[in-house]
Amino acid sequence: MKRKSKLVIGIMTGSLAILGVGAIYAQAHDKYTLAVPGGLAFSEFRGYESWQTIATSQTEKAVAAILGNPAMIEAYQAGMPGNGQPFRDGAMMAKIHWAPKKSETFPGPIVPGALLDVDFMVKDSARFADSGGWGYAVFKYDAASDTFRPGTLADQPPQANDAKCGFACHTVVKARDYVFTDYGKR
């Protein structure tokens, strides 16, 4: 009987250890558990991968797709930010950056290569009153571990790692409700 009890305790302890390691692994590999200080969480942007394209951009260092949730797309279609009206609360943008690479299938074009990071903006005038009504987040991607992490001051460009990290850059477009990106004619 004593032997059986020890065996049961051993099996239960082993099972709990495996479950615990699995939970830690899942958390480390689940981008939706990440958040920046100030409350902006990756989970607030669940489904961003299927949002409509607002625009694309390219520099020597990155190729980007700027996406908008339905509220953001509706605002653009109504003429914002060019009409001087502010975006409504709930409008969200995602900007996905990839390293640029030459197309392997068609000569000439530069196309997305390795994923670099994902940036987010959300309009919430009450929550982010001290940053023009917008909350910001940058999540850097690490290909080796297939995980994201919040951006930091050590990154390029440096990120203050809070929900106001993008506000300083966006003040130059205050008249456009802090939004740089234009919505291309379709």
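Keep in mind that this is a model prediction, so the values were computed, not measured.
- For the pair Asp155/Arg149, a side-chain contact is recorded, criterion being any heavy-atom separation below 4.5 Å from C-beta on.
- There is a path of hydrophobic side-chain contacts, each under 4.5 Å, that joins Tyr32 to Leu34.
- Nearest heavy-atom pair, Ala71 versus Gly90, reported as atom, atom and distance to 0.1 Å: CB-O, 3.9 Å.
- When all heavy atoms are compared, the tightest approach of Ala35 to Pro150 is O-CG, 3.7 Å.
- When all heavy atoms of Ala62 and His97 are compared, the pair lying nearest together is CB-CD2, 3.9 Å.
- For the atom pair CG of Asp177 and NE2 of His170, the computed distance is 11.5 Å after rounding to the nearest 0.5 Å.
- Atom CD of Gln77 is surrounded by more than 12 heavy atoms from other residues, nucleotides or ligands within 6.0 Å.
- How far OG1 of Thr152 is from NZ of Lys140: 8.5 Å, rounded to the nearest 0.5 Å.
- A 4.5 Å side-chain heavy-atom check between Leu40 and Phe45 finds at least one atom pair inside the cut-off.
- Rounding to the nearest 0.5 Å gives a distance of 12.5 Å between CG of Asp142 and CG of Asp117.
- If you take CD on Glu60 and CD1 on Ile110, they are separated by 11.0 Å, rounding to the nearest 0.5 Å.
- Counting all heavy atoms, side chain and backbone alike, Pro112 lies closest to Lys101 at O-CE, 3.7 Å.
- Thr33 OG1 to Phe148 CZ: the interatomic distance, rounded to the nearest 0.5 Å, is 11.5 Å.
- Val118 and Val63 fall into different hydrophobic clusters, where Ile, Leu, Val, Met, Phe, Trp and Tyr are joined by side-chain heavy atoms under 4.5 Å apart, directly or via other members.
- Atom CD of Glu44 sits about 11.5 Å away from atom CG of Asn69, to the nearest 0.5 Å.
- Taken together through direct or relayed side-chain contacts under 4.5 Å among Ile, Leu, Val, Met, Phe, Trp and Tyr, Phe180 and Phe120 form parts of separate hydrophobic clusters.
- Looking at heavy atoms from C-beta onward, Trp98 lies out of side-chain contact with Val111 at the 4.5 angstrom threshold.
- No path of Ile, Leu, Val, Met, Phe, Trp and Tyr side chains, each step under 4.5 Å between heavy atoms, connects Leu116 with Tyr141, placing them in separate hydrophobic clusters.
- In terms of heavy-atom proximity, Asn83 sits nearest to Ala78 at ND2-O, 3.3 Å.
- The two residues Phe42 and Lys31 make their nearest non-hydrogen contact at CB-O, 3.1 Å.
- Membership of the apolar cluster around Met80 extends to Ile54, Ile66, Met72, Ile73, Tyr76, Phe87, Met93, Met121, Trp134, Tyr136, Phe167, Tyr178, Val179, Tyr183, as traced through chained side-chain contacts below 4.5 Å between ILVMFWY residues.
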